[in-house]
Number of protein chains: 2
Amino acid sequence: MRPVAKSPTIIDVARLAGVSTATVSRVINGTSAVVPETAERVRLAIQELRFVPRSAAQVLASRKTNTLGLILTEIRGAFFPHLLRGVEAATRAAGYQLLIYTVSDIPADRPTLLGEHNTDGLLVFTSSLSLNELQRLSATGFPLVLMHQTPSDGLEIPMVTIENKDGAERLVSHLIESHGRRRIVFLRGPAGHEDSAWRERGYREALAAHGLPVDERLITLGDFDEVTAGASLQRLLQAGIDFDAVFAGDDDSAIGVFRALKAAGRSIPQDVAVVGFDDVQLASYITPTLTTVRAPIEEVGREAVRQLKRLIDGQPVEPLTLLPTELVIRESCGCPAGH
Amino acid sequence: MRPVAKSPTIIDVARLAGVSTATVSRVINGTSAVVPETAERVRLAIQELRFVPRSAAQVLASRKTNTLGLILTEIRGAFFPHLLRGVEAATRAAGYQLLIYTVSDIPADRPTLLGEHNTDGLLVFTSSLSLNELQRLSATGFPLVLMHQTPSDGLEIPMVTIENKDGAERLVSHLIESHGRRRIVFLRGPAGHEDSAWRERGYREALAAHGLPVDERLITLGDFDEVTAGASLQRLLQAGIDFDAVFAGDDDSAIGVFRALKAAGRSIPQDVAVVGFDDVQLASYITPTLTTVRAPIEEVGREAVRQLKRLIDGQPVEPLTLLPTELVIRESCGCPAGH
DNA sequence: ACGCTTACTGTAAACGCTTACGTCATCATA
DNA sequence: TATGATGACGTAAGCGTTTACAGTAAGCGT
C-alpha cells in the first residue's frame, strides 16, 4: 500500500501520452490544432489518470479567472432566489464560475480584498459597495455592473434594474383612473433604498399627471416590512387622516396593510384599495388577491451578467438597462375577481 | 500618460518597504513574527500601492484554496434561500469563500471538473452528484458533506439533514390522536426524493403505531407541486375513494389540495383535515391556516459547513446529523384558531 | 528540385505567491 | 567565555499551468 498518491499533474499526463505538456494543454483548452490521434491519446491519458487541471495554476498562467463575483449585502427577501437564479444561469452559460460574497449591511470602506485579480468581473447588488470602492475599482478599468442601483453622478458603470418608476406610476394611475381614488397613501421602503425612491417618484408623477395634490402626511414609512407597514398604517388610522387607497411600496408591506385595515374594520377594496409591488407568491393567495407589479428579477440577473461579459470582452455596453415591469391587476384595487 | 500600469505584485511591495517578499507574505498572512516596525512599513507599502494578493498565486503556492464549493441542482423552492443563507454565513465565519455550482437535474456521470483541487471541500445538496462521482471523490479522501441525503450504503460521507421521518410521524399521529382521523391520504414527492421517502416512512409508522392499516390507494403522487397535487386529489375524489385527512407531503402540495377540496365543495378541516410540511410563508396566510412542520433549513446549511470544516481540519465528524423538526399546529388539522 | 507555406509539436519562460532552509544577531545559560 | 536557543529576516525553490517562440516535416506551385 503506497502512501496517498499525489494527484496527477499535466506533466504526468504528458508523459503517459508521450507528448509535451504544451500539447496536453492544447487539447484541454482547444487553443490550437492537434492531430486527432494525438488528441485522443491525451484524452485517454487524462481519463486514466483522472487528471483534473488545477484551476489556480490555470488562472495564474493565463491571467484570467473565469470567475464572476456577485456581491450583496444579504441573502434574504422574496426576490433573492430569482435574482440568483438568473445570475447563476447566465454565468454558467457564459462559461464562468460564480463566487458569492456578502458584506455587512453598512458598506464601510473595507479594503475589499475581493474583486480585482480574483474575479474577471463583479456584479454589485444595490449598495453593497461604497461609492469610494466603486470608484476605485471603476478607475482601474475593472469590469463592474450594478444591479438595482442607479447612477451616482459621474460614475461610468453599467447598471441594470427594473422600471420602478414606470411601474409605480401605472399602478397609481390605475387607482386613480379606474377606481377614482384620490387620497392615496404611499409607504416608503428603507431609507436610501433605490427601488423605493423610484417608486415614490412614480407615485408623485402619477398624482401630478392627474392634477392631484401630494399630501405629505400620506407618505410614511413601510420599510418593505409587514410589521412596520402595519404599524404605520395604524398610526394613520388613529390620527384620523383620511385616505381611500394605499400603495404599499412592496408586497410585504401590503400584507401588513391588509392586517391593519382588517383589524380596523375597513374593507378592502371597498373602503380602501391596496396595491403592492413585486408580485410575491403570497399575492395571489391572500384575500382579496393583491394587485401589484411584477418585475423580471431573474432577467435582471441574466442581463447584468450579459453586460458584464461584454465589458470583460471589451465590447460596448448599455450604460443603463431598464427592464419593463408589468401591472398585475387582481382584486385588492377594486377590480372584479377572475380577471 | 503611461500605458495602463500593471498592477503591483508582492515584489513591488517588498521593494518599496525594503524587505524581502517572504516578509511581506508573513505580514499578510501572519504566519510568523515580524518586528512591528517592519510590519508597519510593509502595511504602508501595501496601502500605497493598493496591493491585492492574487489569490490564484496564493492558492497555487500554498495548496489550499480557502474555498468551499456548494453543488446543487436547482436554485428554486421556498427553502433554498434559507439553505444558502446558512451555508454562506457559516462559510464566511469559517474564513472561506463560497463557490456555487449547479448541475443539470439528472446527475449524469459528467467529468465534474469542479471539486478536487479547486475547492477545499464540497457541500453536496441532495442528489446533485451521482453515486459514482461521490465514491470517486470520497475514495481520494476529498472532504465532502451531504445535505438532505441519507446514507447510500457503504458511503462514508457525513450527512446532515432534517428529521423528516420523526416530523411526519408526529404530524400524522396528531391527525389520528387529536382529530380521530383514520383514512389519511399521503402525497408523495418527486420520485427518488429523499425527504419524501422519509416522510412516507414516518406516515406508515404512525399508522402502524396506532394499529391502522395502510391503504395503498391513499398513497399517490403530489410531486411537491401544487398542480400535480391538486390533480391527484381530484382523481381520488372522482374515484370515490373515502378519506378524512390529507398529509400533503409538503406545503406546496397542500395548497393544491386546498384548491381541489374547495372546488369539490369539501370543507377543511371539517370534512377533510389537511397538513403539509415545510412551513412556507404562505402557510400562515391561507384559509384555513395550514398545520405543518417547520424544519431548520438554515441550520442545515450552517451545520453542514461546520462538519465540512472539521473534515478539512482532520477532526472527527458526525456521520449523520439529524436536525429536529417542529410541529406547527394551525387550523387546517382541525385545531381551533389562535392556538 | 526548390523555396514557401502550413500544420503540428516541443522548449522553456513566465505567472505571483508561499515556505523550507539558512544566516546572522542577540541573549540567557553554564 | 563558549554554547546553544531563539527571533527576525532573506534566498530561492517550487506550485501546475499557459503560451511565445522555435523547430520540423509535409505539401504545393513552378
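Numbers restart at 1 for each chain; the letters A, B, ... are given by sequence-line order, proteins then strands.
Between A/H148 and A/F79, the angle of the ring planes stays under 30°, which puts this pair in the parallel group of the 30/60° scheme.
What separates CG of B/L60 from P of C/dA14 is a distance of 17 Å, to the nearest Å. Remark: C1' of C/dG10 and CD1 of A/I11 are 14 Å apart, rounded to the nearest angstrom. Separating the CZ atom of A/R15 from the C1' atom of D/dG16 is a distance of 13 Å, rounded to the nearest angstrom. For the pair B/D12 CG and C/dG16 P, the interatomic distance rounds to 9 Å; values are reported in whole Å. The distance between atom CZ of A/F51 and atom C1' of D/dT18, rounded to the nearest whole Å, is 12 Å. Following rounding to the nearest Å, A/R26 (CZ) and D/dG16 (P) show an atom-to-atom distance of 21 Å.
Considering only side-chain atoms of B/T23, the nucleotide from D/dC15, D/dC9, C/dG10 that sits closest is D/dC9. Picking from C/dT18, C/dG10, D/dT17 the nucleotide with the shortest atom distance to the side chain of A/R54 gives D/dT17. Closest to the side chain of A/I10, from the set D/dC9, C/dT18, D/dT18, is D/dT18. For B/A61, the listed nucleotide lying nearest its side chain is C/dC17; candidates were C/dC17, C/dC8, D/dT18. Here the nucleotide nearest the side chain of B/A22, chosen from D/dA12, C/dT11, D/dT17, is D/dA12. The listed nucleotides are C/dT19, C/dG16, D/dG16; the one nearest the side chain of A/A57 is D/dG16.
Sequence order on DNA chain C of the closest nucleotides to A/G18 and B/S62 puts A/G18 first from the 5' end. The residue among A/R63 and B/P36 whose nearest nucleotide of DNA chain D lies closer to the 5′ end is B/P36.
Residue-level contact check: B/V24 touches neither bases nor backbone, having no heavy atom under 4.0 Å from any strand. At the heavy-atom level, A/T38 lies under 4.0 Å from the strands shown only through sugar-phosphate atoms. Using a 4.0 Å heavy-atom distance criterion, A/T9 is classed as a sugar-phosphate-only contact.
A salt bridge does not link A/R41 to A/E48: none of the charged nitrogens lies less than 4.0 Å from a carboxylate oxygen.
A/L70 has its side chain out of reach of A/L68: every pair of non-hydrogen atoms, C-beta onward, lies at least 4.5 Å apart.
A 6.0 Å sphere centred on CD of A/Q47 holds no more than 12 heavy atoms belonging to other residues, nucleotides or ligands.
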